[in-house]
Trainee: 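Before we start, here is the structure in question, set down as structure tokens.
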Amino acid sequence: GKGEYRHFMQKEIFEQPAVIGDSLHSFLDPLSGTVQLPDLGIDFSAISRITISACGTAYFAGLIAKYWFEQIARQPVEVDIASEFRYREAPMPESGLGLFVSQSGETIDTLEALRYAKRCGQTILSLVNVPESAIARESDAVLQTLAGPEIGVASTKAFTTQLTVLACLALATARARGSIDAAREAALSQALLEVPARVAEVLNHDTTIRMIAADMMEARDVLYLGRGSLYPIALEGALKLKEISYIHAEGYAAGEMKHGPIALIDEDVPIVVCAPAGPLFEKTAANVQEVIARGGKVILISDAEGIARAGDEAAHVIELPPVDPFVAPLLYTLPMQLLAYHTAVLKGTDVDQPRNLAKAVTVE
Ligand code: M6R
């Protein structure tokens, strides 16, 4: 049941510190501070390329994993939406790994993408929340998220547990490929181990976010911006809002603004910006300035340093704890979920069962 919560989605958002912790502890040994994957029978030192394919929110998890595999493991990765990949007839390399991400394990496009990769001789690894699913059955090896059943149609805890396991997989791959030293591995593992506590801190902003949602519910369009591994979080924020509040929303890489979408900006378009302090911050801050100069109302999600540098002109700020950039996508997802949730509740939509949508898309 929903217990003390009004909706399953809300319950599932608040379960995240616990289920991220569960998923983490099944792969990361807190004593040694190192990732210990189960024996998957895959030699991660010898993969030419990982091809990730998935749908919807699971696809965004794959996009973030690409940043991690490339940066930490120096592993070439390609990511594609399963409904495209399955028909694209992409050539696939020798010694390639196909990685399929799916909460339900039953999404037909993801299953067909898997079958294509198998025909092309790829080793098949899947990451599912339901281990007795078609995608798991047809894989050579399976990793499981320990999110527990996800009832809300909008994916929340499945996504953050997917990110958790993918982060562990990127660390294991980095070690296998010799692209990370022990000190850096320990630091990144430590950052991951602290995520459940940091996520719990972010959930404390629930009331602030509900107030921001009261502003957002009147909007016709909302833009979400991010850079680097937070670009897919902008995509996820926009999908979540569309899906349950029926407000039109788009996620963009912040640097793409001036290539078109900035033409949309006026006083009526809220712009949600995910921008922790760090090497890319000044770039995003410049994009924020351009938006504000055109009357845009910015909701800045950053840490204390970022807010000190760029928060003054924002209409709203949400201050998240400072964390290693590696784990930032995990934290910045939470305000996206809560903004969408509260906006939908205020609009009175059916949050757990939005119109036209099914939890698992098993027919094309
Ligand atoms: O079960 P799956 O992870 O394969 O589902 C993929 C998508 O259908 C799913 O993530 C969908 O986009 C969600 N409703 C998003 O909240």
Trainee: Tell me if a side-chain donor or acceptor on S133 pairs with a main-chain N or O of E106 at a distance below 3.5 Å.
Mentor: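 Side chain of S133 to backbone of E106: no pair is present.
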Trainee: Is it the case that one hydrophobic cluster holds both V272 and L63, taking links as side-chain heavy atoms less than 4.5 Å apart, direct or via other members?
Mentor: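 As far as the 4.5 Å side-chain criterion goes, L63 and V272 are connected within one cluster.
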Trainee: Do any N or O atoms from the side chain of N129 and from the backbone of G148 form a donor-acceptor pair under 3.5 angstrom?
Mentor: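 Present.
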Trainee: Does the side chain of D43 pick up a donor-acceptor pair with the side chain of S45 at under 3.5 Å?
Mentor: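 Present: a donor and an acceptor within the cut-off.
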Trainee: Please check this pair: side chain of H342 against backbone of M211, looking for a donor-acceptor N/O pair closer than 3.5 Å.
Mentor: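 Pair absent, no side-chain N/O of H342 close to backbone of M211.
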Trainee: Where do T284 and A254 come nearest, in terms of heavy atoms and distance?
Mentor: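 Reported closest heavy-atom pair: CG2-CB, 4.2 Å.
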Trainee: Let's go through I301 and M336 carefully: what are the C-alpha distance in whole Å and the side-chain angles of both, what is the deciding distance for side-chain contact (heavy atoms from CB on, under 4.5 Å) to 0.1 Å, and is it a yes or a no?
Mentor: CA-CA 10 Å; I301 309 175; M336 303 296 114; 3.4 Å; yes
Trainee: Atom NZ of K157 and atom OG1 of T160: how far apart are they, to the nearest 0.5 Å?
Mentor: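 It is 9.5 Å, given to the nearest 0.5 Å.
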Trainee: Using atom types as modelled and distance alone, determine if a side-chain donor or acceptor of K297 lies under 3.5 Å from a backbone N or O of E267.
Mentor: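 Yes; at least one donor-acceptor contact below 3.5 Å.
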Trainee: More than 12 non-hydrogen atoms from neighbouring residues, nucleotides or ligands closer than 6.0 Å to CD on E70, yes or no?
Mentor: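 Count over threshold, so yes.
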Trainee: Let me check something: do V222 and M257 share a hydrophobic cluster, defined by ILVMFWY side-chain heavy atoms less than 4.5 Å apart, either directly or through other members?
Mentor: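 V222 does not cluster with M257.
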Trainee: Taking S23 for its side chain and I20 for its backbone only, find out whether a donor-acceptor pair lies under 3.5 Å.
Mentor: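 No.
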Trainee: Determine, stepwise, if the pair Y224 / L235 fulfils side-chain contact (heavy atoms from CB on, under 4.5 Å).
Mentor: CA-CA 7 Å; Y224 287 76; L235 298 175; over 6 Å; no
Trainee: When you look at L166 and I64, which way does the side-chain contact (heavy atoms from CB on, under 4.5 Å) test go after all the steps?
Mentor: CA-CA 9 Å; L166 290 167; I64 292 165; over 6 Å; no
Trainee: Would you say CZ of R88 has more than 12 non-hydrogen atoms from neighbouring residues, nucleotides or ligands within 6.0 angstrom?
Mentor: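 Yes - once you tally the heavy atoms of other residues, nucleotides and ligands closer than 6.0 Å, there are more than 12.
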Trainee: Do the two ring centres, one from F60 and one from F159, sit under 6.0 Å apart?
Mentor: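 No.
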Trainee: As a quick check of understanding, evaluate side-chain hydrogen bond (donor to acceptor under 3.5 Å, both in side chains) for E236 and Q337, giving each step before the final call.
Mentor: CA-CA 9 Å; E236 167 63 2; Q337 298 169 345; 5.3 Å; no
Trainee: Output yes when a side-chain donor or acceptor of R86 lies under 3.5 Å from a complementary backbone atom of D109, and no otherwise.
Mentor: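 No, because the side chain of R86 does not come within donor-acceptor range (under 3.5 Å) of the backbone of D109.
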Trainee: Taking NZ, NE, NH1 and NH2 as the nitrogens, is one of them in E78 or R49 under 4.0 Å from a carboxylate oxygen of the other?
Mentor: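 Yes, this pair counts.
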Trainee: Report yes if the side chains of L239 and T57 come closer than 4.5 Å at any heavy-atom pair, otherwise no.
Mentor: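 The answer is yes; the side chains approach within 4.5 Å.
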Trainee: Hydrogens and angles aside, do S139 and S126 bring a side-chain donor and acceptor to less than 3.5 Å of each other?
Mentor: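 Checked: S139/S126 side chains pair up, N/O donor to acceptor below 3.5 Å.
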Trainee: Measuring from I50:CD1 to T123:OG1, what's the distance to the nearest 0.5 Å?
Mentor: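 Nearest 0.5 Å value for the CD1-OG1 distance: 11.0 Å.
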Trainee: Kindly compute the distance separating CZ (F69) from CG (L97), expressed to the nearest 0.5 Å.
Mentor: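 That separation rounds to 8.0 Å.
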Trainee: Looking only at heavy atoms, what is the nearest atom pair of P196 and P17, with distance?
Mentor: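 Looking at all heavy atoms of both residues, the closest pair is CB-O, 3.4 Å.
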Trainee: More than 12 non-hydrogen atoms from neighbouring residues, nucleotides or ligands closer than 6.0 Å to CZ on R309, yes or no?
Mentor: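 Result for CZ/R309: enclosed.
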Trainee: Mind checking the CG-CD1 spacing from N287 to I292? Nearest 0.5 Å is all I need.
Mentor: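 It is 11.0 Å, given to the nearest 0.5 Å.
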Trainee: Group every Ile, Leu, Val, Met, Phe, Trp and Tyr by side-chain heavy-atom contacts under 4.5 Å, then state whether L203 and I318 land in the same group.
Mentor: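 In one cluster with L203: I318, yes.
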Trainee: What I'd like to find out is whether the side chain of L320 reaches to under 4.5 Å of the side chain of D303, using heavy atoms alone.
Mentor: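 No, too far: nothing below the 4.5 Å cut-off.
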Trainee: With a 4.5 Å limit on heavy-atom distance, are the side chains of L40 and L125 in contact?
Mentor: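 Yes; the side chains approach each other to less than 4.5 Å.
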Trainee: Going through the distances and angles, do D268 and R220 end up as a side-chain contact (heavy atoms from CB on, under 4.5 Å)?
Mentor: CA-CA 8 Å; D268 299 325; R220 211 187 54 168; over 6 Å; no
Trainee: Within the 4.5 Å heavy-atom criterion, are M9 and K240 side-chain neighbours or not?
Mentor: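 Heavy-atom side-chain distance check passes, below 4.5 Å.
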Trainee: Within the 3.5 Å criterion, strictly below it, is a donor on Q103 or S155 matched to an acceptor on the partner's side chain?
Mentor: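 Distance-only check fails for Q103 and S155.
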Trainee: Quick one, V142 and P131 - any side-chain contact, counting heavy atoms below 4.5 Å?
Mentor: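 A side-chain contact under 4.5 Å is absent here.
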Trainee: State the OG1-CD1 distance between T333 and I233, to the nearest 0.5 angstrom.
Mentor: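 Output value for this atom pair is 3.5 Å.
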Trainee: Taking D324 for its side chain and V327 for its backbone only, find out whether a donor-acceptor pair lies under 3.5 Å.
Mentor: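 It does not hold such a pair.
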Trainee: Is it true that a side-chain atom of S95 and a backbone atom of I47 form a donor plus acceptor pair closer than 3.5 Å?
Mentor: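 Side chain of S95 to backbone of I47: no pair is present.
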Trainee: Decide yes or no for I247 and D221: does some side-chain heavy atom of the first lie under 4.5 Å from some side-chain heavy atom of the second?
Mentor: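 They are not in contact (no side-chain heavy atoms under 4.5 Å apart), so the answer is no.
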Trainee: Quick one: closest heavy-atom pair of L331 and P335, and the distance?
Mentor: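 Residues L331 and P335, closest heavy atoms: O-CD, 3.3 Å.
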Trainee: Is there a path from L346 to L339 through hydrophobic residues (I, L, V, M, F, W, Y) whose side chains come within less than 4.5 Å of each other?
Mentor: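 No, separate clusters.
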Trainee: Salt-bridge test for E194 and R198: reply yes if a basic N is under 4.0 Å from a carboxylate O, no otherwise.
Mentor: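 Yes, this pair counts.
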Trainee: Taking all non-hydrogen atoms of both residues into account, name the closest pair between I307 and V317 and its distance.
Mentor: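 That would be CD1-CB, 4.0 Å.
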Trainee: Hey, is the main chain of V35 close enough, under 3.5 Å, to the side chain of R175 for a donor-acceptor pair?
Mentor: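 Such a contact is found between R175 side chain and V35 backbone.
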Trainee: Quick one: do E290 and R294 make a salt bridge, cutoff under 4.0 Å?
Mentor: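 Salt bridge between E290 and R294, a charged N being under 4.0 Å from a carboxylate O: no.
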Trainee: Tell me the closest heavy-atom pair linking K11 and G1, and the distance in Å.
Mentor: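 K11 and G1 have their closest heavy atoms at CE-O, 3.3 Å.
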Trainee: Donor-acceptor pair, K242 side chain versus A249 backbone, under 3.5 Å?
Mentor: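 Checked: pair present.
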Trainee: Can you check whether T161 reaches L146 side chain to side chain, under 4.5 Å on heavy atoms?
Mentor: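 T161 vs L146: side chains apart.
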Trainee: Give, for atom CD of E243 and atom CG of L357, the distance between the pair rounded to the nearest 0.5 Å.
Mentor: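 E243 atom CD to L357 atom CG measures 5.5 Å (nearest 0.5 Å).
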Trainee: State, to 0.1 Å, how close V351 and I244 come at their nearest heavy-atom pair, and which atoms those are.
Mentor: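 Looking at all heavy atoms of both residues, the shortest contact is O-CG2, 3.6 Å.
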Trainee: Within a strict 4.5 Å, meaning less than it, do heavy atoms of the Y341 and H7 side chains meet?
Mentor: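 Yes - at least one pair of side-chain heavy atoms lies under 4.5 Å apart.
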Trainee: Starting from L225, can I reach Y332 by hopping between I/L/V/M/F/W/Y residues whose side chains sit under 4.5 Å apart?
Mentor: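 No, Y332 and L225 fall in different hydrophobic clusters.
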